[in-house]
2 protein chains.
Amino acid sequence: MPKLSALKDKVAPLYRRGDAVYFLDQLALPGKVAYRRCATPEAVAHAIRAMVLRGAPLIGCAAAYGYALAAKGAAVCDGRLWARLDRAERLLAASRPTAVNLFWALRAMRAKAEDLRASGSRTFYRSLLAEADAVTREDVEVNRRMAGHGAKLLPKGGALMTICNTGALATAGIGTALGVIRWAHELGRAKLVYPLETRPYLQGARLTMWELAQAGIPSRLITDGMAAHIMKTERIAAVLTGADRVAANGDAANKIGTYGLALLAKAHGIPFYVVAPSSTVDMKTAHGGDIVIEERSEAEVLEVRGLRLAPAGARARHPAFDVTPARLITGLVTDRGVFRAPYGPALRKAFKS
Amino acid sequence: MPKLSALKDKVAPLYRRGDAVYFLDQLALPGKVAYRRCATPEAVAHAIRAMVLRGAPLIGCAAAYGYALAAKGAAVCDGRLWARLDRAERLLAASRPTAVNLFWALRAMRAKAEDLRASGSRTFYRSLLAEADAVTREDVEVNRRMAGHGAKLLPKGGALMTICNTGALATAGIGTALGVIRWAHELGRAKLVYPLETRPYLQGARLTMWELAQAGIPSRLITDGMAAHIMKTERIAAVLTGADRVAANGDAANKIGTYGLALLAKAHGIPFYVVAPSSTVDMKTAHGGDIVIEERSEAEVLEVRGLRLAPAGARARHPAFDVTPARLITGLVTDRGVFRAPYGPALRKAFKS
């Protein structure tokens, strides 16, 4: 029997050494494995904005470190400390608007900072860094729990489809949807994976294909427009995706293309599972219509990795996310178990504060 | 009142001069406008295979010239002539398996050749070249008729969505779906166009965006995965696509991604029109299941225009077309008018031979 805890990765997407956090530069993958050092909240926020790292859970871990780094060299009695922390929080919160894990991590860090102040901590900065380490370690464990719950939903020997990257490069652990797929593969429940390339950033082609190769899982890359044809002509046991935010009614924001993929899965009678940690569930957002969709630069659509595609002067749209309504989601796999429709009552019960 | 016949293009995708046909190199667009000279059937077949030119109607015109060029320098009484013509026909027929216009054009040319033989023509080669010119001129007229029929279906001031390139670069005239869009724009029925970029070849980003810019039609390029979100959040009056083959029951093969787009249009209550000339309707193909889908090279998915995306050793799928079932098609716009479900009886009546 394979062991979930044995699933490890050769390359970490993030690690802390001393007073700096190092991010694997995901823009350079799969061509180059290189890390970028960030020692200030500004540097961390810049790395998130520039998409050096991405993936909602990983952004949460990065933000936790960014917040802690704002306290470097300041004593708890220092009057400027709290202005610095507030400024770091605002800066980090603005770095990516859709990933709710970011706000969750910042709230956790702020709560810790207030506890430390109340107790008159003499190791304020060190304790905040340790808290960011704890947020990161917790994500590893949360990933394992989701993988355990999710893999049970899949039949033996099936082919799976996924979008974007939701693996070890999107989290601190084995991933959300891709973590489920990796564990399912160990159990003989993921014979073949079809990752969508996921334009414009090509996280599927560059990152998911790289992770699947490292894990020795057979895969066939497809363009985003091939999903419906593959669903019709191959046997797809399930579609699994991550989420950047899950609303109180079960609507889920995720990478652009996910909503269309859910509609196509429905049309072909294929189960569609969203895999996301508890920190992605946002009970303060009533439904998907309240989620602000980040509109990124047109250039990212008019080009592929710096290579110009469209003619000079061309215009584009670039919504970076879309919202999948709860009615299209067969199950929501979290570290607290699998939720099913009607999501409203189920989530209210599990996430009442 | 604008005139349909006034819609002209600055750049022709194909022209004949003397004993050679010149193809605009569509692989080099929009970066460079350059022509490739082809003086033999082999050169024409190679250009079609390599996608120097594409678009089902344009491939038909090119094949007609390729067939005619096989007769160069041979008298009608020459015993080797028919072996050469047969060889050219087989070679050209094998260059792209899905576009039925290719087979239609080759049949028309063969019929002409047999007529010329029967009449003991003394200008066999010249007459075949003139027939290829006629096939090409006919396409221009057919395009205009489709534009006239199609534009009437669209409401005033709406936004339209399209996939691949179906314009002046895909035909000898103003195009099929994009021809309708251009004429609709003249009539105030196409306020804004959302072309899907259409991976892997990016015909939407490179060719359709280029044609729309030349025609002065406002457009916003989107990636293939954005279609559902744009349908949900913007008002899309209709989706228009071309077809590479329409079966006797109305099922239509077209660029990969079209089937998914039709499902998404259905889910959002948006009319979905297929625009194709009569030569695309193949009454010998009973339904879409009988259409052979061309599977092209994996490299075209693993790369974007020669730029490697996926890690070394990665595998991909590359179905180049998919089949949209008739039940998802609101109307089939042809040069003989607009057909609607049930397509079987309507097409049988119009296309009985």
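Below, each value reflects all heavy atoms present in this structure, side chains not excepted, and no hydrogens, waters or symmetry copies. Residue numbering restarts at 1 for every chain, and letters A, B, ... go by the order of the sequence lines.
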Q) What pair of heavy atoms forms the shortest contact from Ala205(B) to Pro311(A), and how long is it? A) O-CD, 3.4 Å
Q | Contacting moiety of Leu307(B), where chain A heavy atoms sit under 4.5 Å | A | side chain
Q: Please tell me if the side chains of Leu221(A) and Leu302(B) come closer than 4.5 Å, counting only heavy atoms from C-beta onward.
A: yes
Q.
Heavy-atom cut-off 4.5 Å, strictly under: side chain, backbone, both or neither for Phe321(B) against chain A?
A. backbone
**Q.** Shortest non-hydrogen contact from Ala310(A) toward Pro30(B)
**A.** C-CG, 3.9 Å
**Q.** Distance (rounded to the nearest 0.5 Å) between Thr233(A) OG1 and Arg317(B) CZ
**A.** 6.0 Å
Q: Specify which of His268(A), His318(A), Arg305(A) makes the most heavy-atom pairs with chain B at under 4.5 Å.
A: His268(A)
Q: Give, as side chain, backbone, both or neither, the part of Ile256(A) having an atom under 4.5 angstrom from any heavy atom of chain B.
A: both
Q.
Looking at every heavy atom in both Glu197(B) and Leu309(A), which two are closest together, and how far apart are they?
A. OE1-CD1, 4.2 Å
Q.
Taking every non-hydrogen pair under 4.5 Å, which of Glu298(B), Lys232(B), Lys266(B) racks up the most with chain A?
A. Lys232(B)
(Q) Heavy-atom cut-off 4.5 Å, strictly under: side chain, backbone, both or neither for Ala227(A) against chain B? (A) neither
(Q) Quick check on Arg49(B): does its CZ atom have over 12 non-hydrogen neighbours (other residues, nucleotides or ligands) under 6.0 Å away? (A) yes
Q.
For Ala316(A) versus Arg220(B), what's the shortest heavy-atom pair and its separation?
A. O-CD, 4.0 Å
**Q.** Spatial distance of atom OG1 (Thr223(A)) from atom CD (Glu300(B)) [nearest 0.5 Å]
**A.** 11.5 Å
Q.
With chain B as the partner, which of Gly204(A), Pro200(A), Ala312(A), Pro319(A) has the greatest number of non-hydrogen pairs under 4.5 Å?
A. Pro319(A)
Q: Please determine, among Gly257(B), Pro195(B), Pro218(B), the option with the most heavy-atom pairs under 4.5 Å with chain A.
A: Gly257(B)
Q. Measuring heavy-atom distances to chain A, does Glu303(B) have an atom under 4.5 Å in its side chain, in its backbone, in both, or in neither?
A. neither
Q.
What part of Ile230(A) gets within 4.5 angstrom of chain B, counting heavy atoms only: side chain, backbone, both, or neither?
A. side chain
Q: Could you tell me whether the side chain of Arg199(A) reaches within less than 4.5 Å of the side chain of Met226(B), counting heavy atoms only?
A: no
**Q.** Residue, of Ala314(A), Ser219(A), Ala267(A), that accumulates the most heavy atom pairs under 4.5 Å with chain B
**A.** Ser219(A)
Q: Measure across Gly260(A) and Ala228(B) and return the closest heavy-atom pair with its distance rounded to 0.1 Å.
A: CA-CB, 3.5 Å
